[in-house]
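Notes for the one structure printed next.
Each chain gets a letter, A, B and so on, in the order the sequences are listed, and its residues count up from 1. Keep in mind the model is a prediction, meaning the values are calculated, not measured.
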There are 2 protein chains.
Amino acid sequence: MANNLGVSIDRSSPVPLYHQVVQGIEAAINSGILEPGSRLDNEIDLAAQLSLSRPTMRKAMDELVRSGLLVRKRGVGTQVVSSQVRRPLELSSLYDDLTNNGKKPTTDVLGFSHIEADERTLATLALPAGSTVYHFTRLRKVAGKPLALMENWVRDDIVPMDQDLLAAEGLYAILRSGGVNFRLANQRIGAMIATDYQAGLLETLPASALVTMERTAVDDTGRRVETGHHVYRADSYSFEMTLVQR
Amino acid sequence: MANNLGVSIDRSSPVPLYHQVVQGIEAAINSGILEPGSRLDNEIDLAAQLSLSRPTMRKAMDELVRSGLLVRKRGVGTQVVSSQVRRPLELSSLYDDLTNNGKKPTTDVLGFSHIEADERTLATLALPAGSTVYHFTRLRKVAGKPLALMENWVRDDIVPMDQDLLAAEGLYAILRSGGVNFRLANQRIGAMIATDYQAGLLETLPASALVTMERTAVDDTGRRVETGHHVYRADSYSFEMTLVQR
DNA sequence: TATGTTCTCTTGATAGGACATACTAGGTGG
DNA sequence: CCACCTAGTATGTCCTATCAAGAGAACATA
């Protein structure tokens, strides 16, 4: 190979060069070719090894620094930080998270309705008074064990939905196929004591601890597409993240 | 002014140009000069207005997109998303968070010891067997109301610490003044039921809900400097964040 | 009128150069 | 032997330049 990282670049690929480099270095770290703590060659040499310009190489390394895999020190060099398991905390549904981890979640749709939005939902989704929304409650199980109870409100002027579709496809997949491009989401994570209703569905002891998450997702046109209130069994779920100091 | 954003650039400043632009646009958004939803001029014009090159302008806008203030669409343009209150979720202590929000927290140091690290701490901080660490428990109050109970373990080979210093200064301030440059932190957020001990200190009902956070911070030399287990009153604290889809 | 093509505007990607600045290490002088 | 200074090296910043790709509007054609 043309370098000492096991990274190869395909210039005919539609994948941007800098992203190919990101994937390559990630793979090298995960496979152990690059050990945690080891120093990389300097940016100019790396660029030369892959026949890239330094800005392209730097852009790739920028992303890796941002995601916490590499650290840079001016005048010294760049080194690998850690190959610990990270949950990257991207904009995706729990369904995506779990399927990416190899588990196979199932979803029961406990209720589905097409209703007039209440005050709070109108405000959260920035809808005019009198608007109608889809409202539904789902129970997510992994390996037969209940994990999450999810209540969502979704705009009804984007894609038509019904209970069967929702049970089969997953909310975000439906919305994406309806032409929605998500851009960002605001989340709030907290805790609460399970109500009897929640404890029953999640098959936990009454008054056990739950992780709560409220999320509102915005698409590329600025619409607030969806808002949800999810609760997770605290003994089975937590949010992991890596914070990077700029 | 030389542009329509109220942004001015000082080329003699040590602050990088792209960062001056970031601060300028942030200020324009917060002050209302740039309204949520409004479209900015295209990158080339903006760069010309400020007498900057397009890559510099782009780098500034990259940061703003990353932080969720702007959204870009190829072929269309760039627009302001929202000026909602955001908790930027940076690498900082709760003390910083709260002082930045104008409140004045107080800290009681409930216990302070210099002990041999247990198995779990040795593993978390990547220390050799037999190492000693500082261990302490603090209670954080805001406006006299208990908010957080924090238990921390800190390497003792960086900066000497004692109970008085800790009560006066805040953990991260002490470590920073000891020459520690934090680079990243791994966090895990979950929930639990308060023990009687916790409920008593936090002045909540027994068996109420708490938000838990475990954090391990790494400095620029790759050392795991500090690990902590914090619990917050769920009725007073939650974690807010904005996720940006790349 | 409706549909398909093209043109233009905007962001996205890549290249290559130049200079600035921080850190390290080694050499030099006291 | 120690402290200071300096050269080397690596990242940080900024520039000019060019092509690609997506989106939307305008226009031509059936």
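- OP1 or OP2 of C:dT14 has not a single side-chain nitrogen or oxygen of A:Y18 nearer than 4.0 Å.
- With the nearest nucleotide of DNA chain C identified for both B:V76 and A:R11, B:V76 has the one nearer the 5' end.
- The distance from atom CD of B:E43 to atom C1' of C:dC9 is 12 Å, rounded to the nearest whole Å.
- Taking the six-membered ring where the residue is Trp, the centroids of B:F182 and B:Y172 are separated by under 6.0 Å.
- A:Q163 CD: more than 12 foreign heavy atoms inside a 6.0 Å radius.
- The phosphate of D:dG12 (OP1 or OP2) has a side-chain N or O of A:R58 nearer than 4.0 angstrom.
- Residue B:T78 has no polar side-chain atom (N or O) positioned under 4.0 Å from OP1 or OP2 of C:dT10.
- Rounding to whole angstrom units, CD1 of residue B:I44 and P of C:dT8 are separated by 16 Å.
- Side-chain N/O atoms of B:S238 and A:R188 include a donor and acceptor closer than 3.5 Å.
- Closest contact between the side chain of B:R54 and the listed nucleotides D:dC15, C:dG12, C:dA18 involves C:dG12.
- In this entry the distance linking CG of A:D10 with P of C:dA13 reads 17 Å, nearest Å.
- In terms of position on DNA chain C, the residue among B:P55 and B:R74 whose nearest nucleotide sits closer to the 5' end is B:R74.
- In terms of phosphate contacts, B:S53 brings no side-chain nitrogen or oxygen within less than 4.0 Å of OP1 or OP2 of D:dC14.
- The distance from atom CE of A:M57 to atom P of D:dG12 is 13 Å, rounded to the nearest whole Å.
- When the options B:Q187, B:E151, B:M150, B:R215 are evaluated for a side chain to side chain contact (heavy atoms under 4.5 Å, CB included) with B:H230, the one that passes is B:M150.
- At the phosphate of C:dG12, OP1 or OP2 sits under 4.0 Å from a side-chain N or O atom of B:R72.
- The separation between B:N42 atom CG and D:dA23 atom C1' is 15 Å, rounded to whole Å.
- Atoms CD1 (A:I9) and P (C:dA13) sit 15 Å apart, rounded to a whole Å.
- Distance CG (B:L50) to P (D:dT13): 18 Å, rounded to an integer number of Å.
- Comparing B:L17 and A:G75 along DNA chain D, the residue whose closest nucleotide (by nearest heavy atom) sits nearer the 5' end is A:G75.
- Listed here is the closest heavy atom pair of A:D10 and A:Q20: N-OE1, 2.8 Å.
- As a whole-Å value, the separation of A:K73 NZ from C:dT21 C1' is 15 Å.
- In this model, the phosphate group of C:dA13 is not approached by any side-chain N or O of A:T56 to a distance below 4.0 Å at OP1 or OP2.
- The phosphate of C:dA13 (OP1 or OP2) has a side-chain N or O of A:K59 nearer than 4.0 angstrom.
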